[in-house]
Amino acid sequence: MTDTSSFSMSTMSDALQHIPFSKGISDYIPPPGFSPQPSSAAPDTLSNSLFNVMTNSEGLAQFKEIISKSDRKELQLMVSLLTSDSYYFTKIVRNIYGSRRVQKLLGISDDVDAFFNSAILRRFFYIITDKYASYVAIRAMLVFDQKKKYVMYEHLLHHALDIARNQYGCIALNEIITDVDDPFYRNLLLDVVARNALCLSNDPSGNFVVQHVLTLYDLRCTHNVVVSLLGHCVDLSFKKYGSYIVEKLLDTEESMAVVVVELLECGGDRLMRLARNEFGSFVVIKALRVTQVMNRVDLFRGLVQKLMPFHHLLVRSHGSNIANILESTV
């Protein structure tokens, strides 16, 4: 069991008063971004004790007690220590318990948020792409004031492509796109995804972001994604994740028409191979079904006529369900 008993607000307050901040003891809370060099009066044991309180699975009770008994000044002291060193702060928020406890501290006051805002921005990409730390950034973008949010949105836009192509970054980006409450920045984020839809669709993480924006049913964004993927729908349909994206494009009538026309314009042999493919078969069968449901008889008949000569090749393959639909039209 890790000992957290050595940490208390009184010991921290006593120690921090001896850190040589430029304005002296009477104004000892450092500005966000300032990294003080502790003297021997503020030993590493204080930082270690706070680290344990924040990251130890058994430190929750003490953490709650500290928060409940601390006044505004004491919380500022605690947060100033948490955020004074980028490496120290990042190590805390990359811990599952540290992430959860820092999230509890966000939004308490503008002064506290200022410290966290600076700490997050200093290591923004590393925080937003971490399994646990990313939730601190997501939470911050929900509770920070508008000015702080805008700065974070700018950082997000700057790194958006790299974040989208990261295993955990793509999850964070999807949550932020869903929750962002500013229409201007929401549209900017959607534009970045739509403009880069082709490269993201071929990425094992980025494709999840493209799938996500399509589920928002934002007509402007969907149109822009279609424009970016025009001429590539058949190629994507042969791939596992790409086929998921093409299937989602079939959900709205405008984008459905673009996909089906592309299927009709590809060579018969290629369409047959797609219909027999383990991933492409789902695209073809969905295309047949949605054209029926949306009463696009012209497109439905076009697909049937193009696939019918290959009926015998579809029966014993991944395209067996497609063969059944073809039989039902005879």
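Keep in mind that what you see is a predicted model, and the values were worked out from it rather than measured.
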I'd like to check the salt bridge (charged side-chain N to carboxylate O under 4.0 Å, His left out) partners of Glu278; sequence neighbours left out, ordered by chain and number.
none

Can you tell me which residue pairs pass the side-chain hydrogen bond (donor to acceptor under 3.5 Å, both in side chains) test with a partner in residues 320-330, sequence neighbours excluded?
His311-Glu327

Sequence neighbours excluded - side-chain hydrogen bond (donor to acceptor under 3.5 Å, both in side chains) pairs with any residue from residues 245-261
His223-Glu254, Asp251-Lys286, Thr252-Ser255

Donor-acceptor pair, distance only, cut-off 3.5 Å: does the side chain of Ser118 make one with the backbone of Phe115?
no

For Gln103 and Ser99, indicate whether the former's side chain and the latter's backbone hold a donor-acceptor pair under 3.5 Å.
yes

Please examine the side chains of Ile128 and Ile120, heavy atoms only from C-beta on, and report whether any two atoms are closer than 4.5 Å.
no

Does any N or O in the side chain of Arg165 come within less than 3.5 Å of the main-chain N or O of Leu161, such that one atom is a donor and the other an acceptor?
yes

Cation-pi, Phe51 ring and Lys91 (6.0 angstrom, 45 degrees)
yes

CZ (Arg94) with more than 12 external heavy atoms under 6.0 Å
no

Assign the ring pair Tyr244 / Tyr241 to parallel, tilted or perpendicular, where the plane angle (0 to 90°) is split at 30° and 60°.
perpendicular

With sequence neighbours excluded, tell me which residues meet side chain to side chain donor-acceptor pair (under 3.5 Å) with Asn207.
Gln211

Please check if atom CZ in Phe125 has more than 12 non-hydrogen atoms from other residues, nucleotides or ligands closer than 6.0 Å.
yes

Student check: side-chain heavy atoms of His318 and Asn277 closer than 4.5 Å:
no

Would you say the side chains of Glu154 and Tyr150 form a donor-acceptor pair under 3.5 Å?
no

Could you tell me if the side chain of Lys104 sits less than 4.5 Å from the side chain of Arg100, heavy atoms only?
no

Summary of side-chain hydrogen bond (donor to acceptor under 3.5 Å, both in side chains) pairs that have at least one residue in residues 287-308, sequence neighbours excluded:
Arg296-Asp298

Does a salt bridge link Asp111 with Arg72, judged by any charged N lying under 4.0 Å from a carboxylate O?
yes

Does the Ser228 side chain pair with the main chain of Ala194, one donor and one acceptor, at a distance under 3.5 Å?
yes

Tracing side-chain links under 4.5 Å among I, L, V, M, F, W and Y, which residues wind up in one group with Ile96?
Tyr97, Tyr132

One pair to check against side-chain contact (heavy atoms from CB on, under 4.5 Å): Asp145 and Asp113. What are the steps and the verdict?
CA-CA 9 Å; Asp145 61 36; Asp113 285 349; over 6 Å; no

